[in-house]
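These notes are about the structure you will find just below.
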Amino acid sequence: MKILMVCLGNICRSPMAEGIMRSKVKLHDLNIMVDSCGTAAYHIGEAPDFRAQQTLKKHQTDISGLKGRQFTVNDFDEFDLIFTMDESNYNNIIALARTEADKKKVEMIMNTVYSGENISVPDPYYGGKEGFDHTYKMLDLACDYILNDYGLVVP
Ligand code: 4NP
């Protein structure tokens with residue numbers, strides 16, 4: 001199983017989602033590969049935002065070594081599940097899909113918790129530290145739902 005987390009810049013929300021999911025994968029000793037990327041090219045090669053790193057550090061997860069990269073169409077072939085943080089990311093990725101099979105892999109991440117409600121994970125980039133804690137809580141919940149939904153962790 002390969003899971004890709006997607007946001008706009010790949011320095012706040014999606015690397016946090018990657019780190020959270022990786023720590024759950026490790027905890028439950030699962031065979032899941034997790035990666036993240038952005039739809040935009042602004043932050044290619046950069047480490048996650050310092051506030052994102054600090055937030056994950058509070059939860060014993062180190063994401064300081066991650067590097068920003070941009071989504072490519074090849075990711076549809078590489079990954080089984082592609083989770084976007086918001087509706088804009090979703091629309092951008094769907095616009096690149098070549099087939100219905102590509103489209104089926106893509107879902108807004110909070111729809112795993114609140115099915116069909118199309119709730120976005122707010123972008124914490126322009127706000128304060130509290131925004132990052134809020135992002136953490138939403139993504140932690142979503143990652144638990146993903147693992148349960150796919151029968152990867154027995155509740
Ligand atoms: P992210 O947040 O999509 O959660 O990584 C952003 C980071 C940077 C920018 C936008 C969103 N930016 O415009 O530089």
Side-chain angles (χ1 to χ4, degrees), residues 1-27 30-57 59 61-114 118-127 131-147 149-150 152:
M1 171 73 80
K2 292 185 178 182
I3 297 177
L4 183 63
M5 305 294 192
V6 184
C7 65
L8 175 62
N10 194 210
I11 55 164
C12 297
R13 293 165 292 173
S14 64
M16 289 176 74
E18 178 180 347
I20 291 166
M21 189 58 106
R22 276 181 189 238
S23 82
K24 291 182 192 294
V25 163
K26 199 169 162 200
L27 179 70
L30 302 168
N31 186 18
I32 302 175
M33 184 272 223
V34 193
D35 193 13
S36 67
C37 67
T39 56
Y42 317 133
H43 299 285
I44 291 173
E46 288 178 27
D49 185 287
F50 188 66
R51 297 164 294 174
Q53 292 187 34
Q54 291 294 100
T55 305
L56 276 263
K57 214 174 186 177
H59 300 274
T61 303
D62 180 6
I63 56 167
S64 62
L66 301 183
K67 293 261 176 295
R69 75 167 179 94
Q70 190 174 21
F71 182 85
T72 72
V73 170
N74 183 51
D75 288 318
F76 286 119
D77 301 321
E78 277 298 309
F79 291 89
D80 303 298
L81 299 171
I82 299 172
F83 291 109
T84 71
M85 301 298 121
D86 66 30
E87 199 153 14
S88 161
N89 314 144
Y90 179 84
N91 291 334
N92 286 330
I93 298 297
I94 287 292
L96 295 171
R98 304 153 301 181
T99 61
E100 283 306 311
D102 284 355
K103 286 185 188 172
K104 272 200 187 139
K105 294 182 175 187
V106 191
E107 180 62 283
M108 283 175 64
I109 194 165
M110 293 317 294
N111 277 348
T112 59
V113 183
Y114 309 105
N118 295 339
I119 292 170
S120 290
V121 180
D123 190 344
Y125 186 63
Y126 296 103
F132 284 81
D133 289 327
H134 182 58
T135 301
Y136 181 91
K137 284 195 189 112
M138 291 182 84
L139 294 176
D140 185 50
L141 183 65
C143 288
D144 281 341
Y145 271 73
I146 291 165
L147 294 178
D149 277 0
Y150 291 92
L152 297 167

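Residue indices begin at 1 and follow the sequence shown. Note that the structure is a prediction, hence the values are computed from the model and not measured.
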- line: Between Ser14 and Cys7, the two heavy atoms sitting closest are OG-SG, 3.0 Å
message: So, taking the atom named NE2 in His134 and the one named NZ in Lys137, what distance separates them when rounded to the nearest 0.5 Å?
response: 8.5 Å
query: Do the side chains of Val25 and Val34 get nearer than 4.5 Å, heavy atoms only?
result: yes
message: I want to check something: taking the side chain as every heavy atom from C-beta on, are Asp62 and Leu56 in contact at a cut-off of under 4.5 Å?
response: no
task: Could you point out which residue of Arg69, Arg22, Lys2, Lys67 forms a salt bridge (charged side-chain N to carboxylate O under 4.0 Å, His left out) with Asp35?
output: Arg69
query: What are the two closest heavy atoms between Pro124 and Phe132, and how far apart are they?
result: O-CE1, 3.4 Å
- prompt: For residues Asn92 and Asn89, is any side-chain donor paired with an opposing acceptor at under 3.5 Å?
  reply: no
query: Looking at side-chain heavy atoms only, is the closest gap between Ile93 and Phe76 below 4.5 Å?
result: yes
message: Minimum heavy-atom separation for Gln53 and Pro48, please, with both atom names.
response: NE2-O, 2.9 Å
task: Using a 4.5 Å cut-off on heavy atoms from C-beta on, say whether the side chain of Tyr125 contacts that of Leu8.
output: no
field: Ring geometry between Tyr136 and His59 (parallel below 30°, tilted from 30 to 60°, perpendicular above 60°)
entry: parallel
query: In chain order, what residues pass the side-chain hydrogen bond (donor to acceptor under 3.5 Å, both in side chains) check against Asp77, with sequence neighbours excluded?
result: Arg98
message: Could you go through Asp140 and Lys24, starting from their C-alpha distance and side-chain angles, then the distance that decides it, and tell me whether this counts as side-chain contact (heavy atoms from CB on, under 4.5 Å)?
response: CA-CA 9 Å; Asp140 185 50; Lys24 291 182 192 294; 2.7 Å; yes
- prompt: Tell me, do Met110 and Val121 make a side-chain contact under 4.5 Å, heavy atoms counted?
  reply: yes
query: Does a donor on one side chain and an acceptor on the other come within less than 3.5 Å for Thr72 and Asn74?
result: no
- line: Taking every heavy atom of Ala52 against every heavy atom of Met16, the minimum-distance pair comes out as CB-CG, 3.8 Å
task: Output the distance between atom NZ (Lys103) and atom CD1 (Ile82), rounded to the nearest 0.5 Å.
output: 13.0 Å
query: Would you say the ring centroid of Tyr114 lies under 6.0 angstrom from that of Tyr145?
result: no
- request: Begin with the C-alpha distance, continue with both residues' side-chain angles, and end with the deciding distance and a verdict on side-chain contact (heavy atoms from CB on, under 4.5 Å) for Asp86 and Asp123.
  value: CA-CA 9 Å; Asp86 66 30; Asp123 190 344; 5.6 Å; no
query: Taking atom CG of Leu66 and atom SG of Cys37, what is their separation to the nearest 0.5 Å?
result: 12.5 Å
task: Give, for atom OG1 of Thr61 and atom CD of Glu18, the distance between the pair rounded to the nearest 0.5 Å.
output: 11.5 Å
field: Gap separating the CG atom of Asn10 from the CZ atom of Phe71, nearest 0.5 angstrom
entry: 12.0 Å
query: Tell me, do Ile109 and Met138 make a side-chain contact under 4.5 Å, heavy atoms counted?
result: no
- prompt: Is the backbone of Gly38 close enough, under 3.5 Å, to the side chain of Gln70 for a donor and an acceptor to pair up by distance?
  reply: no
- prompt: What do the steps show when you test Met5 against Cys143 for side-chain contact (heavy atoms from CB on, under 4.5 Å), and what is the final call?
  reply: CA-CA 11 Å; Met5 305 294 192; Cys143 288; 4.2 Å; yes
- request: Measure across Pro122 and Arg13 and return the closest heavy-atom pair with its distance rounded to 0.1 Å.
  value: O-CD, 3.5 Å
query: Rounded to the nearest 0.5 Å, what separation is found between the CD1 atom of Ile146 and the CG atom of Leu141?
result: 10.0 Å
Contact check, side chains of Val113 and Ile119, non-hydrogen atoms, under 4.5 Å: no
query: Any idea which heavy atoms bring Glu87 and Asn118 closest together, and the distance?
result: OE2-ND2, 4.2 Å
